[in-house]
Each structure stands twice: as C-alpha cells, then as structure tokens.
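The next block holds one structure in the form of structure tokens; read it before the comments.
Throughout, numbering of the chain's residues begins at 1 and tracks the sequence. Predicted model only: the values in this text are computed from it and were never measured.
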Amino acid sequence: MASKILHRFRRKVGKPSTTEEIVEDFPERSELDDDTEGLSARLSGTLSFGDADVADEDCTQTAAANSDSDFLHSFESDGLEYTESLLGELKHCNMLTKQLQESWKKSRGNLIIEKLIFEVTSANVVQDSSSKYVAYTIHVIKSGCFDDDKALIIRRYTDFAKLNEKLLKHFRDDMANVVFPKKIIRKNFTHETIAKRSRAFEQYLQHIHSIADIRRSKVFLEFFYLRDLKVGQGLLRGGMCEDAMETLVNALHLQQKLCSWDTEHLLFTLASIALCYQEMDHLEEAQAYCERALQTIDNQENHPLLVPLLHSNIRLSWKIAKDKRQSEAKLQQVQEAGIDVLNQPSLKEHLIKDFLE
C-alpha cells in the first residue's frame, strides 16, 4: 500500500513529459526502502489472533479508502491531515487487536479439569501351553493437560475378576451399584465378546476410580503397578537393566497418575530407576533419580535405604561435578545419631534382596 501511495504521489508532482524518466529514477528497490523508513514503521506490532485478522484487514481497507479520496489535499497541506487520519485508523485497529489478545489470554487461563481416562487400546488372544485367554491393553491417560508419560497395563479377565472380588470384600456398600461383566462359558474369544468386555472394563475402571475410598485403596493401586514392580525387580536380579528400566518407568508413571500414597513403593521405584541408569552409565540421570528418592525418604533416619542412597548420591555427584556437601552433611548427621554408615549393603544389594509386598 505504501508503494502505491508513493507512486501516485510521484505521478502528481512530476511533469507529464517526464513520467517515464521518473519511473526509471525510482526503481522498485527505492520504493521498498522508502516504505521501510515511512509507513511500515507505524504498522509494526499489530499481531492478531483468530477473528482479529479479519478486523485488522477491514481497518486497513478503510484507511486505504480514506487515503485515496483525500490524497492530493493531504499532501498539499504537508501531509498532516493524511498522517493524522491514517494513525487514527491504525490506533482503532490496534485497540481492537489488543482487546482480542486480552480475551484470548484470559480464555487460556480458565481452569481445565483434569481427570483420568482408562482406554482399552488392544485386545489379543493369547494361547500358551496351559491356557488360552484374552490380554487387554489399557492405557491410563490424564485428560485436560499435555500428557506425554506413557502408562499402560495388560490384564486378563481373571485379573479384573480378582480385583472385583477384593473390592466387594472391603467396600461392599460402595460396590453395590458397580456392574461387572459376567463370566461366560462359550464365545469368549469372538470379536463381539471381546469388544463388549473392552468397553465394560473401561466403564468399570472409570466408575470405581470415581469413588474416593476405592481409588486410594491399596487393592486398587496395586492392581495397576505392583506387578510391574515385581517384574522390574526380577529383571534387575537378572542384570537386564534396559528391560527393567522400561517396566519401572511405566510403574512410576502409573503411580504418579493414580496419586499413589504408598511411599515405600514409590521409593523402591525411584531407587531402582536410579540403579538402572547407574548400571547403564547414565550418571546424570542416575543422580537425579537418586536425589528424588532421598526427598521421598525425607527425615526417616532409620530407613534401610537412606545410607545406601546417600552413598550413591555422593559418589554420583562427585563423578558429574555436582555439589555433594548436603548429602555428606546428612550422612554425618546419621552417623552421629549412632547408625553404622560404613558397613551397610550397597543400593544394588538392597534392591535385589528386598521382597516387594
């Protein structure tokens, strides 16, 4: 638009016989340079979101129409009227854009309710030497936020049946209106049966999770992650750290999403992940998880994992050139409390020998 205005101005002030020469004296590059120094500077910073683009475009067209009608008169009076008119139109557009931006920012700040969703993503028929069953893969997803932490469980019908039996035993009143899919003898492996059970398991988990006492219960929480912890411990004993890492991280994500109150299981998970990273020579990650495990112990000076974790954290911090004085001071404090800090099993020995319950 600025180049168009300048071109019309030159045609007005120039002589008719020298129109071609004027065009040659002012090539396209000159028009761009003039635009940079002139009107384009006034248009800077007019961003828009959503419908604001339409509003800005309409305002710009209005300014252009007004400038066309009053063009000659404005420049004959030193361009003051045109400048004031254009700035007035742009000020109005900018105000409208800012209002839309503020509205957009406020809408982003609205409270979004987060909740867990249990989704059966696959169901596979498994047949081994002794039995045949359907393995349901359930993803635990936190809605209302960006959830990049993968968390899933693989359970069969008998696993759900055992969970339902335990919940009926401990929460009979709460479970009175909870419907569980019935066991059938025939057609267990048809597509129709598998599809119906998949939807039923999703609704079942959603329902019992909505009951506060049940979702905080040990029975409910262990249904999701205790098996992973035991598998991870077995893999650690076999020296398969990479496989153990995948299982343990999944268990950690499940505990975090379910808001598990069991600090012992959380502590075991964090310490085991730290050990896996240490065995894989990923020292910075190992130290970070070791520190998180120590924060979970807090002030429990008699905890059997405290001294091994402090020793590991001091050693890892030294290797990655990180300040270790806080852990050293804590270890000194534990020693002054009468605890033997020199003849303790290593972190690896503790995690391999401890039996998870």
Are side-chain heavy atoms of T121 and I138 found at a separation under 4.5 Å?
no
Within-4.5 Å side-chain heavy-atom neighbours: V125 and K132
yes
Looking at K169 and E165, is any side-chain nitrogen of the basic one under 4.0 Å from a carboxylate oxygen of the acidic one?
no
Side-chain contact, heavy-atom cut-off 4.5 Å: T263 with D298?
no
List the atom of A271, the atom of A293, and the distance in Å for their closest heavy-atom pair.
N-CB, 4.2 Å
For Y225 and S260, which I'm curious about, is there any donor-acceptor pair between the side chains at under 3.5 Å?
yes
Does the side chain of Y157 pick up a donor-acceptor pair with the side chain of N188 at under 3.5 Å?
no
What I'd like to find out is whether the side chain of K348 reaches to under 4.5 Å of the side chain of E279, using heavy atoms alone.
yes
Without swapping roles, check the side chain of S217 against the backbone of I214 for a donor-acceptor pair under 3.5 Å.
yes
Backbone N/O of Y133 and side chain of R156: donor-acceptor pair under 3.5 Å:
no
What do the steps show when you test I153 against L254 for side-chain contact (heavy atoms from CB on, under 4.5 Å), and what is the final call?
CA-CA 9 Å; I153 58 174; L254 286 168; 3.8 Å; yes
Can R215 be said to sit on top of F220's aromatic six-ring, NZ or CZ under 6.0 Å from centre and within 45° of the ring axis?
no
Residue pair E291, Q287: steps toward the side chain to side chain donor-acceptor pair (under 3.5 Å) verdict
CA-CA 6 Å; E291 201 165 80; Q287 191 277 329; 3.1 Å; yes
Check the side chains of S272 and Q233 for a donor-acceptor pair under 3.5 angstrom, ignoring hydrogens and angles.
no
Rounded to the nearest 0.5 Å, how far apart are NZ of K324 and OG of S317?
8.5 Å
Among V219, V178, D174, side chain to side chain contact (heavy atoms under 4.5 Å, CB included) partner for L167
V219
F223 six-ring face occupied by R155 cation (under 6.0 Å, within 45°)
yes
Hey, could you give me the NE2/SG distance between H282 and C241, rounded to the nearest 0.5 Å?
11.0 Å
Under a 3.5 Å threshold, yes or no: a donor from one side chain and an acceptor from the other, between Q332 and E336?
yes
Min side-chain heavy-atom separation M175-N164 under 4.5 Å
yes
Report the distance from atom OG of S327 to atom CZ of R325, rounding to the nearest 0.5 Å.
11.5 Å
Same apolar cluster: L270 and L283, side chain cutoff 4.5 Å
no
Tell me whether S131 contacts the main-chain N or O of Q127 through its side chain, where contact means a donor paired with an acceptor under 3.5 Å.
no
Counting heavy atoms not belonging to E246, are there more than 12 under 6.0 Å from its CD?
no
For Q344 against V307, the heavy-atom pair lying closest together
CG-CG1, 3.7 Å
More than 12 heavy atoms from other groups under 6.0 Å of CG on D323:
yes
Any salt bridge between D149 and K142, counting N to O under 4.0 Å?
no
Tell me whether the count of non-hydrogen atoms from other residues, nucleotides or ligands lying under 6.0 Å of CD in E264 goes above 12.
yes
In this structure, would V126 and F160 fall into the same cluster of hydrophobic residues linked by side-chain contacts under 4.5 Å?
no
For S312 and C290, work out which heavy atoms get closest and say how close.
CB-SG, 4.0 Å
With a 3.5 Å cut-off and no angle check, do the side chains of T137 and S122 form a donor-acceptor pair?
yes
Compare every heavy atom of S198 with every heavy atom of A123, then report the nearest pair and how far apart it is.
CB-OG, 4.2 Å
Under 3.5 Å, is there a donor-acceptor pair between the side chain of H253 and the main chain of K150?
yes
Flag, side chain of S143 to backbone of K115, donor-acceptor distance under 3.5 Å:
yes
Joint hydrophobic cluster, L267 plus F224, side-chain heavy atoms closer than 4.5 Å
yes
Report yes or no: does W261 contribute a side-chain atom to a donor-acceptor pair with the main-chain N or O of R216 at less than 3.5 Å?
yes
State, to 0.1 Å, how close Q300 and T296 come at their nearest heavy-atom pair, and which atoms those are.
NE2-O, 4.3 Å
Could you please spell out the steps behind the side chain to side chain donor-acceptor pair (under 3.5 Å) verdict for Q278 and E285?
CA-CA 8 Å; Q278 182 177 327; E285 292 85 351; over 6 Å; no
Please determine whether residues L316 and L331 belong to a single hydrophobic cluster, defined as Ile, Leu, Val, Met, Phe, Trp and Tyr linked transitively by side-chain heavy-atom distances below 4.5 Å.
no
In one Ile/Leu/Val/Met/Phe/Trp/Tyr side-chain cluster, 4.5 Å: I194, I154
no
Can you check whether L236 reaches C276 side chain to side chain, under 4.5 Å on heavy atoms?
yes
Roughly how far, to the nearest 0.5 Å, is the CG atom of D173 from the CD1 atom of I211?
10.5 Å
Find out whether F118 and H139 are in side-chain contact, i.e. whether some heavy atom of one side chain is under 4.5 Å from a heavy atom of the other.
no
Would a distance-only check, ignoring hydrogens and angles, find a side-chain to backbone donor-acceptor pair under 3.5 Å from T193 to F189?
no
Inspect the contact between R199 and E202 and indicate whether a charged nitrogen and a carboxylate oxygen are less than 4.0 angstrom apart.
yes
Roughly how far apart are N250 CG and L152 CG, rounded to 0.5 Å?
5.0 Å
Between E222 and H265, does the side-chain contact (heavy atoms from CB on, under 4.5 Å) criterion hold? Intermediate values first, please.
CA-CA 10 Å; E222 290 182 355; H265 286 161; 3.6 Å; yes
Approximate separation, where rounding is to 0.5 Å, of Q255 CD and L248 CG:
9.5 Å
Are K187 and E192 close enough for a salt bridge, meaning some N to O gap below 4.0 Å?
no
Donor-acceptor pair, Q203 side chain versus A200 backbone, under 3.5 Å?
no
Candidate pair E119 and I141, rule side-chain contact (heavy atoms from CB on, under 4.5 Å), full reasoning:
CA-CA 8 Å; E119 181 179 352; I141 305 167; 3.5 Å; yes
Could you check whether any side-chain N or O of S210 sits under 3.5 Å from a backbone N or O of H207, counting only pairs where one atom can act as donor and the other as acceptor?
yes
With the threshold set at 4.0 Å, does a side-chain nitrogen-carboxylate oxygen contact exist between K353 and E349?
no
Does atom CD of E301 have more than 12 heavy-atom neighbours from other groups under 6.0 Å away?
yes
Applying side-chain contact (heavy atoms from CB on, under 4.5 Å) to L258 and L116, what does each step give before you reach the verdict?
CA-CA 8 Å; L258 295 166; L116 285 187; 3.8 Å; yes
Do L310 and V341 make a side-chain contact, defined as non-hydrogen atoms from C-beta onward lying under 4.5 Å apart?
no
